[in-house]
Protein chains: 2
Amino acid sequence: MKDAPYHHGALRDALLEAAERVLERDGLPGLTLRAVAREAGVSHAAPTHHFGDLAGLLSELAAIGFQQFHAAMTQAGAADGSPETGMARAKAYVGYAQAHPGLYGLMFRTERLDMKRPALDQAASASFTELVGAVGASRHEQISEQAMSLDQAAAIARAWCLIHGFTMLLLDGRLSNILRRLPAGTDAETLLDAMLRAPVGRPGA
Amino acid sequence: MKDAPYHHGALRDALLEAAERVLERDGLPGLTLRAVAREAGVSHAAPTHHFGDLAGLLSELAAIGFQQFHAAMTQAGAADGSPETGMARAKAYVGYAQAHPGLYGLMFRTERLDMKRPALDQAASASFTELVGAVGASRHEQISEQAMSLDQAAAIARAWCLIHGFTMLLLDGRLSNILRRLPAGTDAETLLDAMLRAPVGRPGA
DNA sequence: AGCGAAATCTTTACAGTGTAAAAATAGCGA
DNA sequence: TCGCTATTTTTACACTGTAAAGATTTCGCT
């Protein structure tokens, strides 16, 4: 049982786990390179060797976020195109973001990430592919990612923008304006359910 | 003609204008207290007296953003409830965010703002009230902000989440995945148009 | 008009950050 | 065992936000 070896052995993974802990505990503003190093019990410059710079560490962490998110999404039900599954997946989407608000926020904070990092690029693409598949299934057709029609793209954008917008506004506390004025005890999931149930045309038509 | 008086005279406004310039030029990461002071030509501690701290300055700037946004929205057409006006206003929404990406991002970066600041609270509330009015008009009814039905809340959330989600994903560069695979020359506005045209039910149904 | 008080701005200082470079340590193949 | 490389620490620097003290101007009151 080593108590403080010079060579950690698995510092890379340890740093990522430490980063996730710091993010959950102190939020995005507290997620600094030095804080992560402290949490992992190493010197503040140790992460540099494994991740290059801060954007590198954050990007690898965001990649893990996308993988977790992807797993939560597939676990919520295969994309069979049924309305019930669609609703369940939408709730799983928001549910993941509520369970990991810092991580979800990080995944879409482009200016702090390096999207060219293979791990992040791959993980994000995988999630996107899954979204495309789910929307395709609901339309009973297969959507090619290479060349899609404007109609298909619009359907994908509608689904994604609705859920992502809801998630962001919810995490940013901007939906409390609405929730507060609803019958007492109405929670976000109820609002989400109502929002997705009825069809919508032009902005508020 | 004074060339460098000790008392600036109108430093508060000058700092806000400097902050807007810095934000447009260097983006959100470059918008620091000291950078704003440099841009305005004063010492780095001068802003403290007028805004208290960084969150104070950013909040006042975000308030200006909401006012500009509000003005752009009303200028795009009165909320008469017609589909054409609704579409025009949606495009004005995204158009404003594209013209002022840093400012729009700041307006929704809750962790860097102090929402209790009167100016910000008022400006944000005014924009929200306008949204409620627009959605109400499209439904040919008046929505009370005090107590709204779940149906009304869902309609508001649908419109807002769709547009805000689209805007955020667009500014974060996440829609390029879709735009790139569309017929050559398809721009964001075309996708927005298509997205808002057709009705949508459950996520991708 | 003049004088004290308040407002405004600068200077100085401190803890924290990311990053780069050099030094120290450990593991590993020959 | 020796040398090489990977890993980690130490040191240093420029930058940040904030607090406190000093300097300067303006304002209010008599």
Side-chain angles (χ1 to χ4, degrees), chain A residues 1-19 21-23 25-62 102 106 109-114 116-117, chain B residues 1-19 21-23 25-62 102 106 109-114 116-117:
Chain A
M1 178 65 88
K2 61 208 159 163
D3 62 325
Y6 198 98
H7 277 43
H8 185 285
L11 184 54
R12 209 194 110 102
D13 291 351
L15 284 170
L16 287 173
E17 291 169 14
R21 279 197 302 276
V22 171
L23 181 56
R25 170 157 36 85
D26 304 327
L28 254 172
L31 183 60
T32 73
L33 211 44
R34 291 168 110 106
V36 171
R38 275 194 300 269
E39 175 78 19
V42 293
S43 88
H44 71 267
T48 299
H49 182 260
H50 293 275
F51 301 101
D53 56 0
L54 177 59
L57 171 62
L58 298 186
S59 298
E60 297 298 322
L61 185 56
L106 177 62
R109 213 167 242 62
T110 304
E111 85 257 22
R112 302 194 66 182
L113 302 176
D114 179 5
K116 297 191 301 294
R117 286 233 162 196
Chain B
M1 179 61 88
K2 62 209 157 154
D3 62 326
Y6 198 97
H7 277 42
H8 184 287
L11 183 55
R12 210 194 108 100
D13 290 352
L15 284 170
L16 287 173
E17 290 169 16
R21 280 198 301 276
V22 172
L23 181 55
R25 170 159 36 85
D26 305 325
L28 253 173
L31 183 59
T32 73
L33 212 44
R34 291 169 109 107
V36 171
R38 274 194 300 270
E39 175 78 19
V42 295
S43 86
H44 70 267
T48 299
H49 183 260
H50 292 276
F51 301 102
D53 56 0
L54 176 61
L57 171 62
L58 297 186
S59 298
E60 297 297 322
L61 185 56
L106 176 63
R109 213 166 238 71
T110 303
E111 83 257 21
R112 301 194 66 181
L113 301 176
D114 179 5
K116 297 191 299 299
R117 286 234 163 194

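Naming convention: chains lettered A, B, ... in sequence-line order (proteins, then strands); numbering from 1 in each chain.
Under 4.0 angstrom from either OP1 or OP2 of D:dT8 there lies no side-chain N or O belonging to A:His49. Checking the phosphate oxygens (OP1, OP2) of C:dT17, a side-chain nitrogen or oxygen of A:Thr32 falls inside 4.0 Å. Regarding contacts with the backbone of D:dT16, a side-chain N or O of B:Arg38 is found under 4.0 angstrom from either OP1 or OP2. Side-chain N/O atoms of B:His50 include none lying less than 4.0 angstrom from OP1 or OP2 on C:dA7.
When rounded to the nearest whole Å, the span between CG of B:Asp114 and C1' of D:dG17 equals 16 Å. Distance CG (B:Leu54) to P (C:dT17): 16 Å, rounded to an integer number of Å. Look at CG on A:Asp53: it is 8 Å from P on C:dA20, rounded to the nearest Å. The separation between A:Arg12 atom CZ and D:dT8 atom C1' is 17 Å, rounded to whole Å. The CZ atom of B:Phe51 sits 16 Å away from the C1' atom of D:dG17 (whole-angstrom rounding). At whole-Å resolution of the value, CG in A:Leu58 and C1' in C:dG18 are 12 Å apart.
Taking every heavy atom of both residues into account, A:Val22 and A:Ala35 meet most closely at CG2-O, 4.1 Å. A:Arg117 and A:Phe51 get closest at one heavy-atom pair: NH2-O, 2.8 Å.
Evaluation of atom-type donor-acceptor distances gives a pair under 3.5 Å for the side chain of B:His44 against the base of D:dT18.
When the options B:Leu33, B:Leu16, B:Leu11 are evaluated for a side chain to side chain contact (heavy atoms under 4.5 Å, CB included) with B:Pro47, the one that passes is B:Leu33.
Listed for the B:Ser59 side chain is a donor-acceptor partner under 3.5 Å among the backbone atoms of B:Asp114.
Residue-to-nucleotide proximity on DNA chain C shows that, of A:Ala45 and A:Ala35, the 5′-proximal contact is made by A:Ala35.
Counting only heavy atoms from C-beta on, A:Arg34 has its side chain closest to D:dA12 among C:dT10, D:dT9, D:dA12. Distance from the side chain of A:Ala46 is smallest for D:dT8 among the nucleotides D:dT8, C:dG18, C:dC9. Taking the side chain of B:Leu11 as heavy atoms from C-beta on, and the options C:dT19, D:dG17, C:dC9, the nearest nucleotide is C:dC9.
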Quiz item: Could you walk me through whether B:Arg12 and B:Glu60 pass the side chain to side chain contact (heavy atoms under 4.5 Å, CB included) check?
Solution: CA-CA 10 Å; B:Arg12 210 194 108 100; B:Glu60 297 297 322; 3.4 Å; yes
